[in-house]
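Beneath this line is the structure, given in structure tokens, with notes to follow.
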Amino acid sequence: MQKIGLVDVDGHHFPNLALMKLSAWHKSQGDRVEFADPMFGHYDRVYMSKVFTFTPDCPDYYPCEVVRAGTGYKDYTTTLPDEIEHCCPDYSLYGVDEAYGFLTRGCVNRCPWCIV
């Protein structure tokens, strides 16, 4: 069993789908998963996900493997492995019971900083 820390670099205002899928997959493997606490948490691996490029990066240090990915890091090539991508997201991570997936498909605004 591993202890997994998650960091939603953009904040907790809107659920991060990649982190929810990582949480679900790790929990299915018997791992402990929580939002990372740099002061009191000790982790085997920490995932940092960032959607927006204008969000400052997380300055916290974690003495373990740290995986940073997402469009906010201008990382457009890293993808989740198929077994993680196709699992049901862990919505309990954000304390919600409903899915948001279809609300985020496409956008008409065409903001210059957004890749949607």
Side-chain angles (χ1 to χ4, degrees):
M1 178 176 81
Q2 291 188 338
K3 188 169 179 188
I4 304 298
L6 305 175
V7 178
D8 185 343
V9 179
D10 296 306
H12 299 291
H13 303 293
F14 191 77
N16 182 303
L17 188 59
L19 292 180
M20 291 190 301
K21 288 181 178 191
L22 286 163
S23 175
W25 187 82
H26 275 286
K27 286 179 179 178
S28 76
Q29 303 303 301
D31 296 334
R32 289 181 48 210
V33 180
E34 64 185 43
F35 280 115
D37 181 336
M39 297 226 8
F40 301 108
H42 301 284
Y43 306 99
D44 297 298
R45 181 180 302 145
V46 169
Y47 294 98
M48 293 185 180
S49 179
K50 182 171 141 172
V51 176
F52 302 109
T53 56
F54 57 78
T55 302
D57 199 7
C58 178
D60 300 331
Y61 171 75
Y62 296 95
C64 64
E65 178 186 3
V66 176
V67 178
R68 288 179 175 85
T71 56
Y73 289 109
K74 296 185 180 179
D75 177 2
Y76 307 117
T77 58
T78 301
T79 59
L80 294 171
D82 281 346
E83 65 271 14
I84 299 175
E85 179 64 43
H86 297 291
C87 71
C88 184
D90 177 11
Y91 286 97
S92 71
L93 187 64
Y94 287 91
V96 296
D97 297 321
E98 62 276 346
Y100 291 101
F102 290 108
L103 293 177
T104 60
R105 287 190 173 186
C107 181
V108 298
N109 293 328
R110 305 209 191 294
C111 300
W113 45 262
C114 185
I115 67 160
V116 174

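Note: hydrogens, waters and symmetry copies are ignored here, and every other heavy atom, side chains too, is used. Sequence positions, counted from 1, serve as the residue numbers for this chain. As the structure is a computational prediction, the values presented were derived from the model and not from experiment.
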### Query
Less than 4.5 Å apart, any side-chain heavy atom of Tyr94 and any of Asn16?
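Counting from C-beta outward, Tyr94 and Asn16 do come under 4.5 Å.
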### Query
Side chains of Pro15 and Leu93: closer than 4.5 Å at any heavy-atom pair?
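Answer no - side chains too far apart.
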### Task
Report the residues that fulfil side-chain hydrogen bond (donor to acceptor under 3.5 Å, both in side chains) with Thr79, sequence neighbours left out, ordered by chain and then residue number.
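Checked Thr79 against side-chain hydrogen bond (donor to acceptor under 3.5 Å, both in side chains); zero matches.
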Does [X] have any side-chain contact (heavy atoms from CB on, under 4.5 Å) partners at least two apart in sequence or in another chain, and if so, which?
{"X": "Asp31", "answer": "Met1, Gln2, Ile4, His26, Gln29"}
{"X": "Pro59", "answer": "none"}
{"X": "Asp60", "answer": "Pro38, Cys58, Tyr62"}

### Task
For Ser28 and Trp25, indicate whether the former's side chain and the latter's backbone hold a donor-acceptor pair under 3.5 Å.
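Checked: pair present.
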#### Entry: Side chain Lys21, main chain Glu85, donor-acceptor under 3.5 Å
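Answer holds: yes.
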Do you know which two heavy atoms are closest between [X] and [Y], and how far apart they sit?
{"X": "Cys64", "Y": "Asp44", "value": "CB-O, 3.6 Å"}
{"X": "Thr71", "Y": "Thr53", "value": "O-CG2, 3.7 Å"}
{"X": "Pro56", "Y": "Val9", "value": "O-CG1, 3.4 Å"}
{"X": "Cys88", "Y": "Ala24", "value": "O-CB, 3.1 Å"}

With hydrophobic residues grouped by side-chain heavy-atom distances under 4.5 Å, do [X] and [Y] end up in a single group?
{"X": "Tyr91", "Y": "Leu80", "result": "yes"}
{"X": "Leu22", "Y": "Phe35", "result": "yes"}
{"X": "Tyr43", "Y": "Ile84", "result": "no"}

Interatomic distance, [X] atom [atom1] to [Y] atom [atom2] [nearest 0.5 angstrom]:
{"X": "Tyr47", "Y": "Asp8", "atom1": "OH", "atom2": "CG", "result": "15.5 Å"}
{"X": "Leu6", "Y": "Arg45", "atom1": "CG", "atom2": "CZ", "result": "11.0 Å"}
{"X": "Thr78", "Y": "Tyr73", "atom1": "OG1", "atom2": "OH", "result": "12.0 Å"}
{"X": "Met48", "Y": "Leu19", "atom1": "CE", "atom2": "CG", "result": "11.0 Å"}

### Message
Please determine whether side-chain contact (heavy atoms from CB on, under 4.5 Å) holds for the pair Arg68 and Lys50, giving the CA-CA distance in whole Å, both sets of side-chain angles, and the decisive distance to 0.1 Å.
### Response
CA-CA 8 Å; Arg68 288 179 175 85; Lys50 182 171 141 172; over 6 Å; no
### Message
Applying salt bridge (Lys or Arg N to Asp or Glu O under 4.0 Å), can you list everything that pairs with Asp90, at least two apart in sequence or on another chain?
### Response
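Per chain and number, Asp90 pairs via salt bridge (Lys or Arg N to Asp or Glu O under 4.0 Å) with Lys27.
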### Query
Mind checking what makes ring pair (Phe, Tyr, Trp, His ring centres under 6.0 Å) contact with Phe54, not counting sequence neighbours?
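Expected list: Phe52, Trp113.
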